[in-house]
Protein chains: 2
Amino acid sequence: MTVHDHAAAGGPLSDDRAGAIRDRLRLAIVGRKLAPGTKLSEAEVGALFEVSRTVVRAALQMLAFEGLVRSERNRGAFVANPSPDEARQIFASRRLIEPGIAREACARVDAGALERFAALIAEEASQIASAGPQARQAEIKASGDFHLLLAEVAGNAILHRFMEELVARSSLVIALYGRSDASSCAHAEHRGILDALAAGDANRLARLVGEHIDHIEADLDLAPQGRAPALKDALGL
Amino acid sequence: MTVHDHAAAGGPLSDDRAGAIRDRLRLAIVGRKLAPGTKLSEAEVGALFEVSRTVVRAALQMLAFEGLVRSERNRGAFVANPSPDEARQIFASRRLIEPGIAREACARVDAGALERFAALIAEEASQIASAGPQARQAEIKASGDFHLLLAEVAGNAILHRFMEELVARSSLVIALYGRSDASSCAHAEHRGILDALAAGDANRLARLVGEHIDHIEADLDLAPQGRAPALKDALGL
DNA sequence: CGTGAAAAGATTGTATGCAATCTAGTCGGG
DNA sequence: CCCGACTAGATTGCATACAATCTTTTCACG
C-alpha cells in the first residue's frame with residue numbers, strides 16, 4: 001500500500017510531505033490502528049509513503065513534540081505509551097483549560113458555528129450507530145473534533161493547538177486505560193454542552209464541560225498496575 | 001565564534017546536538033539578542049555551531065513548534081514576529097492557565113521549593129540592580145524562570161511545557177510591544193506572589209497571579225499599528 | 001530613465017552514503 | 001542446561017550531493 005491509494009480520502013492534509021505523513025500517522029495513532037509501543041521504523045514508514053528517511057524523520061519529530069510518539073536516541077520512534085501519571089496530567093490540563101475555552105467560545109459563538117456543532121454531533125451519533133472498526137475510528141474522530149471545535153470557536157490559536165495535543169493524547173490514554181467505551185454517555189454530554197452553548201449560558205457550559213472531562217477520567221482505570229509498577233510491587237519495593 | 005567557546009557556560013543543554021543548538025538559539029531569542037524577523041540561515045547557523053544543515057534543520061523545526069521561529073517553505077526560518085493579535089492570544093492563554101497552575105503549586109509547595117523561589121527573586125533583584133545588556137538578559141531569564149518554577153512545583157509536566165512556550169513567546173512580545181520595562185513593578189509582584197504561596201493562601205495567590213499577567217499585558221502597546229495594517233489603512237482599504 | 005524579463009547566484013528540500021550504535025543470534029565456558 | 005561474550009545484521013545519526021525554488025542582478029526594450 002502506498003500513500004497514493006488514500007491521498008484523495010485524506011482530510012486537511014498539509015501540502016508539505018512531512019506534514020502529510022504526520023497527519024496520516026496521527027490519524028492512525030488516535031484512531032487506534034497503531035497500538036501504543038509500536039515501533040515506527042524510519043525505513044518502513046518511508047517505504048510505505050514512498051519518501052526518504054529524511055522526510056520521515058521530520059514527521060516523527062513533529063509527532064514526538066505532540067507527545068504521540070516517544071523518540072529514543074539510537075533506538076528509534078515508538079507510538080507513545082502514556083503512564084497513568086501522564087494520563088492524570090493530561091486530564092488535569094484539560095480540566096484546567098477546557099472550561100475557560102468554553103466560556104470564551106460562548107461569548108463568540110454564532111449561528112454558523114452552532115450548525116457545525118450540530119453536524120458533528122449528528123456525525124458522532126451516526127458512527128455510534130454503525131458497526132465495524134472504521135466506524136469506531138470515525139466516532140473517535142468526531143468526538144475529539146467536538147472539543148476542538150469548541151477551541152476553534154474560542155478564537156485562540158494557541159489554546160487550540162494545546163487542545164489538539166491534549167485531545168489526541170487523551171485518545172491514546174482511553175485506548176490504554178478505558179474501562180468501557182462510554183461513547184453514548186459522552187455523546188449525551190456533548191448534546192448538553194451544545195444546549196448550554198446555544199442558550200448562551202456560560203456558567204452552565206463551563207460546569208458541564210468540566211464535569212464531562214471528569215466523567216471521561218472517571219471511566220479510566222488508572223490504578224498503579226502497569227507493567228513496571230506491578231513488577232515493582234511484586235518485588236515488595 | 002563557535003559553540004565550543006560557550007559550551008561550558010550553558011545551562012541545562014540537551015546532550016543531543018540539535019537540542020543544544022535549539023537551547024542556544026532560544027536563549028538568544030528570548031534574551032533579545034536576535035531581533036524578531038531575523039533570518040536564521042541553515043548554512044550560517046551550521047557554520048557557527050560546526051554542524052551540518054541536517055542538525056540545524058532539526059533545531060529550527062523544534063523552535064518553530066515552540067512558536068519562537070516562523071518557518072516558510074522554500075524561504076527559510078525567521079525569528080518570530082508575533083502580531084498584536086497573537087500577543088493577545090498568548091496573554092489570554094496565560095491568564096487562563098497560570099492561576100490554575102498557581103493553585104496547584106500552592107497545594108504542593110514545600111520548604112525546598114520556597115527556597116528556590118526566594119533564590120530566583122534574589123537573582124532577579126540583583127540583575128535589576130546591575131547595568132549592561134548581559135544583566136538585562138539574565139533579568140529576563142530570572143523573571144521567566146519564576147513563572148516556570150511555579151509550573152514545575154505544580155507537578156504537571158504538560159502544563160510546564162505549555163508555560164515554557166508561553167513565557168518564551170511573552171518575552172518576544174514584550175520586546176516588540178513593551179512600553180516600559182516595568183521590571184521593578186513585575187519584581188514587586190513576584191514578591192507578593194511568593195508571600196501568598198508561602199502563606200498557603202491559594203485564593204489570594206491565584207488572584208495575584210492573574211493580576212500580574214494583566215499588568216504585564218496592560219504595559220503593552222497592542223494598538224493595530226503594525227506595518228502591514230498601517231499600509232492597509234493608508235490605502236483606505 | 002523606468003520597467004520588466006531573464007539569467008546567475010544563493011538557499012532550501014530531499015535523497016543517499018557512511019559511521020556509530022543497537023539488536024539478535026551464536027558459540028564457548030561453567 | 002544456563003549464562004555471558006562475541007559477531008553479524010539491522011537501524012539510527014549525521015554529512016554531503018543534487019534538484020527545486022527563491023532572490024538578486026543584469027540587460028534589453030519602451
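What's counted below: heavy atoms across the whole structure, side chains too, no hydrogens, waters or symmetry copies. Just so it is clear: chains get the letters A, B, ... in the order the sequence lines come, proteins before strands, and each one is counted from 1.
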Please give, in whole Å, the distance from [N] [atom2] to [X] [atom1]?
X     : N      : atom1 : atom2 : answer
A/Q61 : D/dT12 : CD    : P     : 15 Å
A/F49 : C/dT14 : CZ    : P     : 15 Å
B/R75 : D/dT21 : CZ    : C1'   : 11 Å
B/L60 : C/dT11 : CG    : C1'   : 13 Å
B/E42 : C/dT11 : CD    : P     : 11 Å
A/N74 : C/dT21 : CG    : C1'   : 5 Å

Quiz item: To the side chain of B/S52, which of D/dC14, C/dC22, D/dT23 is closest?
Solution: D/dC14
With a cut-off of less than 4.0 Å, is there a side-chain N or O of [X] near OP1 or OP2 of [N]?
X     : N      : value
A/R17 : C/dG13 : no
A/R73 : D/dC14 : yes
B/T54 : D/dC14 : no
A/K39 : D/dA10 : no
A/R57 : D/dG13 : yes

Exercise. Might you confirm whether atom CZ of A/R116 has over 12 heavy atoms from other residues, nucleotides or ligands at distances under 6.0 Å?
Key: no
Quiz item: Just wondering, are more than 12 heavy atoms of other shown residues or ligands nearer than 6.0 Å to CD in A/E115?
Solution: no
Quiz item: Which atom pair, heavy atoms only, marks the closest approach of A/F65 to A/E165?
Solution: O-OE1, 4.0 Å
Self-check item: N/O donor-acceptor pair, side chain B/R53 with base C/dG13, under 3.5 angstrom
Solution: yes
Exercise. For the pair A/H190 and A/H147, name the ring-plane relationship: parallel under 30°, tilted 30 to 60°, perpendicular over 60°.
Key: perpendicular
